[in-house]
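Some notes on the structure that comes next.
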Amino acid sequence: MNRSIIVAVMCLFAVPVVGEEAAPAVNQQKAVLVTGASTGIGRNLVERLASDGYFVYAGARKESDLKALQAIKNVQALRLDVTSPQDIEAAVATVTKSGRGLYALVNNAGVATFGPLVDTKESEFDLVMEVNVYGPYRVTKAFSPLIVAGKGRITTIGSIAGILAGPGLGAYCMSKHAMEAFTDSLAAEMAPLGVQVSIVEPGNYNSDIERSVVKRIGGDMKEADRSNFKEPDEVSDAVKQALFSPDPKRRYMVVPNQDESERTIKKQIAQLVQLNEGQAYTYDREALVRMLDEELAKARPRVASSASRD
């Protein structure tokens, strides 16, 4: 798998503002917390949510990013390193004290890394897991009482790398595969409490994720330039559906082209065949097609791509 398959993941939110007279009262304005909100998908989502009138708690680490986020209407910047229990505890206290409650959490913060698994330094591997796996776990656990109280939503930014896997991206793909299980288990546990859980799985969009890797472990910065990729507006659209649709999907795959879609779906089919072949209870083609038809009967209508709408 080409390392560019990594794609757009990380960053997040902002807060809403409409004219003062039209702005909803504090207890009516839904509040959303977005982690990793400084750039890329996170920043795009923050700005979109804030402009739509939602109040956004935007998590970031750097002082310059916090100042920039704080300048956006309907946004309150929070110093939030998802690997820091102290930051998470302080963020919970801030949100609780505000009295707005918390309708939704978007776990967006993430990092990537490159290189064969057997050559990956343990410190680098640990960083990816700390941010991409322990981060959503810690933040979700800490804010879950507020989300449950509001019968709200939890959405995690995964990746098609959570379905695909290939050479050179092992640690990153492992972390995104973990978010698939995280989402399914969490959804089953939260459903009885009135909380709906989704995962958004982007393909390749513009972000700083590869630049961050090169700054940390070295490499060619020109190869890390993703500015030729589409802006992540479609990813933000999917997140908004997950957060505010009356009947959200569990999974939202959002890719910029047919190739990434086909590779991801084919990988799922290949895994099905591998699981089914040569085992004691193998299903024949007729049974598999029947199962597929049963699931397709539950599927939602096809949505036109942005290209076909233009």
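- Within a 6.0 Å radius of CD in Gln279, more than 12 heavy atoms belonging to other residues, nucleotides or ligands are found.
- Remark: Arg300 CZ is packed, more than 12 non-hydrogen atoms of other residues, nucleotides or ligands lying under 6.0 Å away.
- Between Asp284 and Arg290, no side-chain nitrogen of the basic residue sits less than 4.0 Å from a carboxylate oxygen of the acidic one, so the salt-bridge criterion is not met.
- For Ser98 and Tyr57, the side-chain atoms include at least one donor-acceptor pair closer than 3.5 Å.
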Q: Show your reasoning for whether salt bridge (charged side-chain N to carboxylate O under 4.0 Å, His left out) applies to Arg43 and Glu47.
A: CA-CA 6 Å; Arg43 180 59 180 265; Glu47 292 177 353; 2.8 Å; yes

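- Looking only at side-chain heavy atoms (C-beta outward), Arg153 and Val197 stay at 4.5 Å or farther from each other.
- Inter-residue side-chain proximity for Leu33 and Leu78 is flagged as met; some heavy-atom pair is nearer than 4.5 Å.
- Between Arg263 and Ile160, every side-chain heavy-atom pair lies at or beyond the 4.5 Å cut-off.
- In this structure the side chain of Phe143 never reaches within 4.5 angstrom of the side chain of Ile154, judged on heavy atoms.
- Once rounded to the nearest 0.5 Å, the distance linking OG1 of Thr282 with CG of Asn276 reads 5.0 Å.
- Salt bridge present: Arg251 and Glu180 bring a charged side-chain N and a carboxylate O closer than 4.0 Å.
- Between Met190 and Val148, the closest side-chain pair of non-hydrogen atoms falls below 4.5 Å.
- Side-chain contact between Lys230 and Val255 is absent, with no heavy atoms from C-beta onward closer than 4.5 Å.
- When the side-chain contact (heavy atoms from CB on, under 4.5 Å) test is applied to Asp87, the partners found at least two apart in sequence or on another chain are Arg79, Leu80, Asp81, Ser84.
- Although no hydrogens or angles enter the test, the distance criterion places a donor-acceptor pair under 3.5 Å between the side chain of His177 and the main chain of Ala161.
- For the pair Leu146/Leu105, no side-chain contact is recorded, criterion being any heavy-atom separation below 4.5 Å from C-beta on.
- By the criterion of side-chain heavy atoms lying less than 4.5 angstrom apart, applied directly or through intervening Ile, Leu, Val, Met, Phe, Trp or Tyr residues, Ile163 is not grouped with Val200; the two fall into different hydrophobic clusters.
- Taking 4.0 Å as the cut-off between side-chain N and carboxylate O, Arg48 and Asp52 do not count as a salt-bridged pair.
- The cationic atom of Lys240 (NZ for Lys, CZ for Arg) does not lie both less than 6.0 Å from the six-membered ring centre of Phe244 and within 45° of the ring axis.
- Residues Leu49 and Tyr252 share a hydrophobic cluster, clusters being chains of Ile/Leu/Val/Met/Phe/Trp/Tyr side chains in contact below 4.5 Å.
- The hydrophobic cluster containing Leu186 also contains Leu102, counting ILVMFWY residues as joined when their side-chain heavy atoms lie under 4.5 angstrom apart, directly or transitively.
- Using a 4.5 Å heavy-atom threshold, the side chains of Leu272 and Leu275 count as separate.
- Taking a 6.0 Å sphere around CD of Glu89, one finds it holds 12 or fewer heavy atoms contributed by other residues, nucleotides or ligands.
- Clustering of Ile, Leu, Val, Met, Phe, Trp and Tyr side chains at separations under 4.5 Å leaves Tyr281 isolated, with no partner residue.
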